[in-house]
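Worksheet: one structure, shown below.
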2 protein chains.
Amino acid sequence: MNKPAPIVEAEAPAALHQRIRTDIEAKILSGELGPGDRIPFEHELTELYGCSRMTVSKAISALAEAGLIERRRRAGSFVARPRVHSAVLDIPDLRSEIEGRGQDYRFELISTVQRAPDGVAEVELAGGRTLLALRGVHYADARPFALEDRLISLRAAPEAARVDFGEISPGAWLLEHIPWTEAENRIAAMSVDAADARLLAIPTKTACLAVERRTWRGGVGVTRVRQLFPGEAYDLVARFGPSRG
Amino acid sequence: MNKPAPIVEAEAPAALHQRIRTDIEAKILSGELGPGDRIPFEHELTELYGCSRMTVSKAISALAEAGLIERRRRAGSFVARPRVHSAVLDIPDLRSEIEGRGQDYRFELISTVQRAPDGVAEVELAGGRTLLALRGVHYADARPFALEDRLISLRAAPEAARVDFGEISPGAWLLEHIPWTEAENRIAAMSVDAADARLLAIPTKTACLAVERRTWRGGVGVTRVRQLFPGEAYDLVARFGPSRG
DNA sequence: GCCGCTAATATGTATAGACATAAGTCCGAG
DNA sequence: CTCGGACTTATGTCTATACATATTAGCGGC
């Protein structure tokens, strides 16, 4: 869990535009250039590095796209000030997550029904058709790891009606057959009720991490899934740096 | 909380390289081009769009950097297959988050001590010096919103010893004075103990979302903060699309 | 068949020049 | 003094060209 101090300043990227980019990036990250400071004009960097403006521009544009700097015509390029703490969150596929720990993975289907929509999210998912509703438990070795409640749109994935989700977990099947292009994740904490607690083999009212994910493919709702993780057993790790802009 | 179906195909970005980029992106997101498929060679796109290779290259390189496609010399460019569910998580500044909801923000400092390190994370943070330890509550209007436990490295931020954190919340002060360049966030669920519950004005053992963040600046530990949110009152939202690679 | 050389090919990087566009500056007309 | 328009400047986009580099196909010799 320790963080190795990154070696900075040492590497010399082969490509010049990348060197320019990392040079400036280093100046910003080290604090030598603070938010609001102007970085040198393109024509100054052109002289400094003895290269053409395209090369400099490529470097600075990349930084701009990464949100580190802000470019303003006629004025110059400025170090952006960080706004929100933003991080990349990996929400792993449960099977690979569990097998990556050297444990056996198993998905046990508890129930599966087809039903008409009866809620806002359901209506949007269904698009006038019925929905597939699944409930199951992901196991790591013999221990319940997560409880999953899932709705699948039979409009987006008609084949889902004929799949045996006792064989393959719905997440894995969907990723293979109806990959999503947009997603929204919500993360909250909640106490498990008696029924869920029994399925997870934990005491009632244990604090659990609830992850709800809704996915779309080209604007059409594909699935909505709620996964409940016993709080002590699991945590999500998000890595990385500041978003600016 | 509804998701408006994105209008695709309609917009025509001013810049040609962006149009090429969004064209290909659309083909990938719509599924017309699946993982592993080869996209047209640069020279083909050059003809298709009637432009120079630089322009095409810029578009494809951007897609490659975004992880949507993979480029292989001599072979061509291929649609990358998505690997993990990855999303951008916004962890907002609490003040702006609360004020953005039209509520009053207030930070109340409960205690502040300087102490020598006594744990792994603490030792790394301290770097042989003492640490500043803070405890406080973020309020939205008159209601407790989050409980914060924070360690600040006096090596990375010696000025912190002289700051009145009753006036400005530590997070805001740090962001202003010692911005971080790397961070690690952990998210878990837990039941509050009696002392924390009293500070948050909630029943003991309520499920809470626990967010722990450690930040560094150029490899030097800056701060470690644990924030406890009453589970019902708050959730984190992560947006966006698949990470590939 | 296997090794190593050569040739072909697609991408990677860079250049110099051109014109477009947005946004300040400055000055003159009213 | 203020409102517009002309000028200036820095970035934004694009071209045509050149050479570098990685990877594969194919061929010749053993």
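Order of the sequence lines fixes the chain letters, A, B, ..., with proteins taken first and strands second; residue numbering starts at 1 for each chain.
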Rounded to the Å, how far apart are A/I60 CD1 and D/dT13 C1'? 15 Å
In whole angstrom, what separates B/L63's CG from C/dT11's P? 13 Å
Starting at NZ of B/K58 and ending at P of D/dC14, how long is that distance when rounded to a whole Å? 7 Å
Is any side-chain nitrogen or oxygen of A/R71 closer than 4.0 Å to OP1 or OP2 of D/dG12? yes
Interatomic distance where NE2 belongs to B/H43 and C1' belongs to D/dA16 [whole Å]: 18 Å
To the nearest Å, give me how far apart CD (B/E42) and P (D/dA16) are. 15 Å
May I ask you to check if A/R101 and A/Y105 form a cation-pi contact, with NZ or CZ under 6.0 angstrom from the six-membered ring centre and within 45° of the axis? no
Whole Å only: how far is the CD atom of B/E47 from the C1' atom of D/dT15? 16 Å
Side chain of B/F41 - closest among D/dG12, D/dT15, C/dA10: C/dA10
What is the separation between atom NE2 on B/H17 and atom C1' on C/dA20, rounded to the nearest whole Å? 13 Å
In whole angstrom, what separates B/R73's CZ from C/dA7's C1'? 17 Å
Phosphate contact (D/dT15 OP1 or OP2) by B/T55 side-chain N/O below 4.0 Å: yes
Under 4.0 Å from OP1 or OP2 of C/dA23: is there any side-chain N or O of A/R72 that close? no
Is A/S57 near enough to D/dG12 that one of its side-chain N or O atoms lies under 4.0 angstrom from OP1 or OP2? no
Heavy-atom donor-acceptor pair, A/R53 side-chain to D/dG12 base, under 3.5 Å: yes
Please answer whether the main-chain N or O of A/R53 pairs with a side-chain N or O of A/S57 as donor and acceptor at a distance below 3.5 Å. no
Ignoring hydrogens and geometry, is there a side-chain-to-backbone donor-acceptor pair from B/T223 to B/L151 under 3.5 Å? yes
D/dA10 OP1/OP2 closer than 4.0 Å to side-chain N/O of A/S77: no
Assign each of A/V56 and A/R74 the nucleotide of DNA chain C bearing its closest heavy atom; nearer the 5' end lies the nucleotide of A/V56
Only one of A/E148, A/E212, A/R150 forms a side-chain hydrogen bond (donor to acceptor under 3.5 Å, both in side chains) with A/Q227, so which one is it? A/E148
Does a side-chain N-to-carboxylate-O contact under 4.0 Å join A/K58 and B/E65? no
